[in-house]
Novice: 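First the structure, which I've put down as structure tokens, then a few questions once you've had a look.
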Amino acid sequence: MTIRVRFAPSPTGHLHIGGARTALFNWLFARHTGGTFILRIEDTDEVRSTVESVQAIFDGLRWLGLDWDEGPVAAMKIAGTEHYPSKGPATGFGFYYQMERLPLYKKAVDQLIAEGKAYPCFCTAEEVQKMREKAESLKRQPKYDGTCRDLTPEQRAQKTKEGRSATIRFKAPLSGTVQFHDDIKGDMKFDNDQLDDFVIMKSSGVPTYNFACVVDDHDMQITHVLRGDDHLSNTPKQVLLYRALGWDKEMPTFAHLSMILGPDGSRLSKRHGATSVQEYQQKGYLPEALRNYLALLGWSTEDSQDLFSFDELIQKFTVDRCVKSAATFDPQKLEWMNGEYIRKMSVRELTERALPFLRDAGLIQGDVEAMRPELEKVIALEQEKIKLLTDVPKRIDIFLKEVPYDPEAVEKVLRKPDVPALLEESIKAFEALDSFSAAATEEACKALAVRRGIKNGAVFHPVRVSVSGRTQGPSLFHMLELLGKGKSIDRIRKTIAFLSAR
RNA sequence: GUCCCCAUCGACUAGGGGUUAGGUCACAGCCCUUUCAAGGCUGUAGCAGGGGUUCAAAUCCCCUUGGGGACGCCA
């Protein structure tokens, strides 16, 4: 049996870190087993679904390198039963936006009604809401009270004639239990008296989540449902639906992944900072690093390995190594990991990937081919310190533009009585140099220190701040070499002028 | 309120009857060093609590506590 798994996001916002993790695990499972990874857009929320969100999901998945074998090929306007281009079997169920699949749900609903397993409910949303509030005030479980459960055909016809719209409710069993096995959580058992007759189709004719999910997973021949454990308590409802529809023999295996929590232990949300993969992309994270980090949230190998190539992840990922407990998202470790990937990267590639960020920072524009060799040299100097791609412009700006002096550095290093004289002397020493290599400038600076009877650092530091405006930066002499004799001396002159100015 | 899930250093986790409870991030110290990093070495730090079962419990069972989730014409 070939494995078929799916990622089924609702397009109501950005691709969330939690969603990305779920997608990744499904994708890894599919790739590990040679199975099929399906993308299904659950756009049945008629008010919140947007095309922009669909696009964001596509972009996020693609950026992470999670390609889908079946699913939509383009972000399309939602709300309609027209069929959009998709990749996958060209059959009645080969459509991957739920709003394209309305006739399929209708058919399943009709079957349940005909068999007396579902019924139209004429209660309004307000009435149901009141029911719930009343139950809650009595400290009872908020449930639908079954008002329309046993209406006669005549009563139903009458209400319909009155023009009352109806939802379709599933006639849930009043007693007994539902049991199923979860590949991560183990054997599950839920009492049916916890359930009420939940709505499976809204009055608009659009199915609700639990119903659409079951119909689609069955139609798409999904073999394993790997999803967040916030869906664990939905599962008994879905199991009941599989049975009612006569599909229990083909029911998928469930595996519920633990949640991802924010640093304060509550569910990861906006107030914890960046929660969408797009934000991480913009902040200069590498997809391979985010992917690697996400893989470790709720999964591990026996030896607690933490750095994996993509292929290694595919090769080693198994559902039985998924952990039951929730994981806290740790931005610090992600950042460390990103730096780890950046350090391992070739300078050439790092430069290539940094280009968009250099552009955004206004440090480069137009065609950069001519300056690429210089860019690479400069980036090579700072590579080991770079954690995020957005660090690149911050660290190499001194080579590409005049950088203002850091006030603290000026106070600490430059505002000393003998500094102007020292800098004057350094200009003379540099001017005398034929080669402005790192070795040559280093030798010159050391000789200067000896001449003045001061420590090397007393020369190096002022020169550094003079040339770069900061106390931190690349190796001083390599920085001078790349900056070049002309610019270096020019900047030192400016510093002397700056110091005498006040 | 009811139901469900979960519980090893601050964080991610390994270990699932006998271990000096291991690794990684973070943190601290030392080394390296013109700065900042990186790197190397070392260190601080953990089995939520209480009962059982057992010769032996982090590991199995129960309870408590704590955290999370679900109870929508949201998904």
Side-chain angles (χ1 to χ4, degrees), chain A residues 8-12 42-49 98 121 123-125 128-129 132 135-144 165-169 182 184-186 188-191 193-196 198-204 206-210 212-213 228-236 256 258-259 261 263 265-267 293 296-307 323-337 339 343 382-387 395 409 413 442 445-446 455-461 463-465 468 470-477:
Chain A
S10 62
T12 53
E42 307 220 326
D43 54 351
T44 55
D45 185 328
E46 296 146 283
V47 316
R48 288 189 296 168
S49 298
Q98 288 186 324
C121 166
C123 301
T124 64
V128 175
Q129 179 62 27
R132 258 189 284 273
E136 270 188 90
S137 69
L138 287 160
K139 299 208 167 176
R140 291 259 183 93
Q141 207 193 338
K143 293 207 297 195
Y144 174 68
S165 61
T167 60
I168 308 300
R169 284 183 185 274
D182 186 287
I184 294 171
K185 305 282 186 185
M188 306 282 34
K189 184 175 166 186
F190 289 82
D191 288 328
D193 60 16
Q194 290 298 314
L195 266 32
D196 65 356
F198 54 94
V199 172
I200 57 175
M201 188 168 275
K202 309 178 210 173
S203 54
S204 61
V206 175
T208 58
Y209 165 73
N210 283 117
C213 182
D229 73 7
D230 47 339
H231 287 295
L232 198 52
S233 43
N234 280 321
T235 310
H256 288 92
S258 56
M259 301 266 80
L261 274 22
S266 71
R267 198 182 179 145
Y293 179 69
L296 259 21
L297 253 26
W299 175 81
S300 68
T301 56
E302 209 167 337
D303 59 355
S304 299
Q305 180 180 343
D306 41 30
L307 263 15
V323 129
K324 292 172 163 187
S325 51
T328 304
F329 187 84
D330 180 6
Q332 258 185 332
K333 188 159 183 176
L334 205 211
E335 190 172 282
W336 162 80
M337 198 172 273
R343 263 170 260 128
E382 289 291 87
Q383 175 164 20
E384 58 192 8
K385 297 173 205 169
I386 295 167
K387 289 208 165 90
R395 303 202 98 108
V413 181
E442 179 167 3
C445 286
K446 281 182 176 166
K455 282 190 279 186
N456 285 342
V459 175
F460 297 174
H461 297 310
V463 172
R464 167 186 297 286
V465 175
S468 72
R470 314 198 259 252
T471 54
Q472 307 170 5
S475 152
L476 175 60
F477 306 107

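In what follows, chains are A, B, ... by sequence order, proteins preceding strands, each numbered from 1.
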Novice: Under a 3.5 Å limit for both distances, which nucleotide forms a Watson-Crick or G-U wobble pair with B/A21, could you say?
Specialist: none
Novice: Heavy atoms under 4.0 Å, any strand shown: does A/L476 hit a base, just sugar-phosphate, or nothing?
Specialist: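 Answer is base: heavy atoms of A/L476 come under 4.0 Å of a base.
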Novice: For A/A135, which residues count as a side-chain contact (heavy atoms from CB on, under 4.5 Å) partner, sequence neighbours excluded?
Specialist: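 side-chain contact (heavy atoms from CB on, under 4.5 Å) list for A/A135, sorted by chain: A/R140.
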Novice: For atom C1', what is the distance between B/U65 and B/C41, given to the nearest Å?
Specialist: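 Between the two C1' atoms, the distance is 41 Å.
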Novice: Could you give the distance separating B/C9 and B/U24 at their C1' atoms, to the nearest angstrom?
Specialist: 12 Å
Novice: If you look at every heavy atom in A/R395 and A/E382, which pair is closest and at what distance?
Specialist: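 Between these two residues, the closest heavy atoms are NE-OE2, 3.3 Å.
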Novice: Remember a base hit wins even if backbone is also touched, and classify A/S203 as base, sugar-phosphate or nothing at under 4.0 Å, heavy atoms.
Specialist: base
Novice: Check whether any side-chain heavy atom of A/L296 lies under 4.5 Å from a side-chain heavy atom of A/M337, and answer yes or no.
Specialist: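 Yes, their side chains come closer than 4.5 Å.
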Novice: Heavy atoms only, 4.0 Å cut-off, all strands: where does A/L334 land among base, sugar-phosphate and nothing?
Specialist: nothing
Novice: Using Watson-Crick or G-U wobble geometry with both distances under 3.5 Å, which nucleotide pairs with B/U54?
Specialist: none
Novice: Need to verify one output field. Residue with the more 5' nearest nucleotide on RNA chain B, A/E382 or A/F190?
Specialist: A/F190
Novice: Looking at every strand, decide which applies to A/H256 at a 4.0 Å heavy-atom threshold: base, sugar-phosphate, or nothing.
Specialist: nothing
Novice: Considering Watson-Crick and G-U wobble pairs with both distances under 3.5 Å, what does B/A70 pair with?
Specialist: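 When the pairing criteria are applied, B/U2 turns out to be the nucleotide that pairs with B/A70.
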Novice: Looking only at atom C1', what distance separates B/A11 and B/G46, rounded to whole Å?
Specialist: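 Result for the C1' pair: 12 Å, nearest Å.
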Novice: Using the C1' atom on both, measure B/G51 against B/A75 and round to a whole Å.
Specialist: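 43 Å, rounded to whole Å.
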Novice: Using the closest heavy atom to pick a nucleotide of RNA chain B for each, name whichever of A/T124 or A/T471 lands nearer the 5' end.
Specialist: A/T471
Novice: Regarding A/M188, tell me which of base, sugar-phosphate or nothing describes its non-hydrogen contacts under 4.0 Å with the strands shown.
Specialist: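 Answer is sugar-phosphate: A/M188 comes under 4.0 Å of backbone atoms only.
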Novice: Provide the Watson-Crick or G-U wobble partner of B/A7, both distances under 3.5 Å; none if there is no partner.
Specialist: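 B/A7 is paired with B/U65.
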Novice: Taking only the P atom of each, what is the distance from B/G50 to B/C12 in whole angstrom?
Specialist: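 Nearest-Å result for B/G50 against B/C12 at atom P: 23 Å.
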Novice: Applying the Watson-Crick and G-U wobble criteria at under 3.5 Å, what pairs with B/C47? Answer none if nothing qualifies.
Specialist: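 WC or wobble partner does not exist here.
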Novice: Of all nucleotides in RNA chain B that come within under 4.0 Å of a heavy atom of chain A, which is furthest toward the 5' end and which toward the 3' end?
Specialist: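 Boundary nucleotides touching chain A, in 5' to 3' order, are B/G1 to B/A75.
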Novice: Looking at CD of A/E335 and NZ of A/K387, how far apart are the two atoms once the value is rounded to the nearest 0.5 Å?
Specialist: 5.5 Å
Novice: Could you give the distance separating B/C63 and B/C4 at their P atoms, to the nearest angstrom?
Specialist: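 Looking at atom P only, B/C4 and B/C63 are 11 Å apart.
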Novice: Using a 4.0 Å heavy-atom cut-off across all strands, classify A/N234 as base, sugar-phosphate, or nothing.
Specialist: base
Novice: Students often get this wrong, so: under 4.0 angstrom with heavy atoms, is A/Q332 touching a base, only sugar-phosphate, or nothing?
Specialist: sugar-phosphate
Novice: On a whole-Å scale, what distance lies between the C1' atoms belonging to B/C62 and B/C74?
Specialist: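 About 38 Å, rounded to a whole number of Å.
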Novice: Give one of base, sugar-phosphate or nothing for A/S475, where a contact means two heavy atoms less than 4.0 Å apart.
Specialist: base
Novice: Quick one: closest heavy-atom pair of A/T12 and A/S49, and the distance?
Specialist: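 Taking every non-hydrogen atom into account, CG2-N, 4.0 Å.
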Novice: How is A/R470 classified with respect to the nucleic acid when contacts are heavy atoms under 4.0 Å: base, sugar-phosphate, or nothing?
Specialist: nothing
Novice: Between B/C61 and B/A45, how far apart are the two P atoms, rounded to whole Å?
Specialist: 31 Å
Novice: Categorize A/K333 for me: base, sugar-phosphate, or nothing, with a 4.0 angstrom heavy-atom threshold over every strand shown.
Specialist: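 It contacts base atoms.
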Novice: For A/A409 and A/T471, which heavy atoms make the closest approach, and how far apart are they?
Specialist: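 Taking A/A409 first and A/T471 second, the nearest heavy atoms are CB-CG2, 3.6 Å.
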Novice: State plainly whether the residues A/E442 and A/K446 are in salt-bridge range, i.e. N to O under 4.0 Å.
Specialist: yes
Novice: Taking the side chain as every heavy atom from C-beta outward, state whether A/C121 and A/V199 have any pair of such atoms under 4.5 Å apart.
Specialist: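 No, their side chains stay 4.5 Å or more apart.
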Novice: Base, sugar-phosphate, or nothing: which does A/T328 touch, judged by heavy atoms less than 4.0 Å apart?
Specialist: sugar-phosphate
Novice: Does the structure show a Watson-Crick or G-U wobble partner for B/A28, both distances under 3.5 Å? Name it, or say none.
Specialist: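 Paired with B/U42.
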Novice: Identify whether any heavy atom of A/S304 sits under 4.0 Å from a base atom; if not, whether one sits that close to sugar-phosphate; answer base, sugar-phosphate or nothing.
Specialist: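 Since a base atom lies under 4.0 Å of A/S304, the category is base.
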Novice: Side chain to side chain donor-acceptor pair (under 3.5 Å), that's the test. Do A/T301 and A/D303 meet it? Break it down for me.
Specialist: CA-CA 5 Å; A/T301 56; A/D303 59 355; 2.6 Å; yes
Novice: Taking any heavy-atom pair under 4.0 Å as a contact, classify A/V463: base, sugar-phosphate, or nothing.
Specialist: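 A/V463: no heavy atom of the nucleic acid under 4.0 Å.
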Novice: Considering every strand and a 4.0 Å limit on heavy-atom distances, what is the contact class for A/G298: base, sugar-phosphate, or nothing?
Specialist: sugar-phosphate
